[in-house]
A.B. asks: 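The structure that follows is given in the form of structure tokens.
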Amino acid sequence: MSKLGHPPMPPITITVQGVDTLLTGLNPNKAQGPDEIPPRLLKEFHTEIALILTIIFQRSLDTGIVPED
């Protein structure tokens with residue numbers, strides 16, 4: 001139990017397959033987000049970018065640091 005009396009949270013693992021699934025499920029007709037990357041581009045290149053996004057997301061989760069760019 002933590003100091004607040006809650007059970008510890010199990011580790012979260014982000015997988016390439018999970019990121020790829022999310023990328024392929026994007027609606028290409030939606031507006032781009034604050035990163036200014038159109039969802040059509042993310043969906044089209046999901047195979048090429050899933051691994052690097054997985055590494056970035058997992059490292060950010062593990063360290064608690066969000067990259068600036």
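Sequence positions, counted from 1, serve as the residue numbers for this chain.
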A.B. asks: Hey, any chance L22 and L42 share a hydrophobic cluster, counting ILVMFWY side chains that come within less than 4.5 Å of each other, even indirectly?
C.D. replies: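 As far as the 4.5 Å side-chain criterion goes, L42 and L22 are not connected within one cluster.
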A.B. asks: Within a radius of less than 6.0 Å around CD of Q17, do more than 12 heavy atoms belonging to other residues, nucleotides or ligands occur?
C.D. replies: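 Not buried by this count: 12 neighbours or fewer within 6.0 Å.
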A.B. asks: side-chain contact (heavy atoms from CB on, under 4.5 Å) with V19: which of I49, I14, I56?
C.D. replies: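 It is I14; the other options fail the test.
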A.B. asks: Using modelled atom types only, decide if a donor and an acceptor are shared between the side chain of Q58 and the backbone of I12 within a distance under 3.5 Å.
C.D. replies: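 At least one qualifying donor-acceptor pair exists.
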A.B. asks: How far apart are the closest heavy atoms of P39 and K30, and which atoms are they?
C.D. replies: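 Nearest pair, atom of P39 first, then K30: CG-O, 3.3 Å.
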A.B. asks: Can you check whether R59 reaches D62 side chain to side chain, under 4.5 Å on heavy atoms?
C.D. replies: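 Contact flag for R59/D62 side chains = no.
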A.B. asks: Just by distance, do the side chain of K43 and the backbone of L26 share a donor-acceptor pair under 3.5 Å?
C.D. replies: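 Flag set: sc K43 to bb L26 pair under 3.5 Å.
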A.B. asks: Indicate, with yes or no, if L61 and I65 share a hydrophobic cluster defined by side-chain heavy-atom contacts under 4.5 Å among Ile, Leu, Val, Met, Phe, Trp and Tyr.
C.D. replies: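 Cluster IDs for I65 and L61 differ.
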A.B. asks: For the side chain of T24 and the backbone of D20, is there at least one donor-acceptor N/O pair under 3.5 Å apart?
C.D. replies: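 Flag set: sc T24 to bb D20 pair under 3.5 Å.
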A.B. asks: Please identify which of these residues, I52, L51, I55, meets the side-chain contact (heavy atoms from CB on, under 4.5 Å) condition with V16.
C.D. replies: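 The side-chain contact (heavy atoms from CB on, under 4.5 Å) with V16 is passed solely by L51 among I52, L51, I55.
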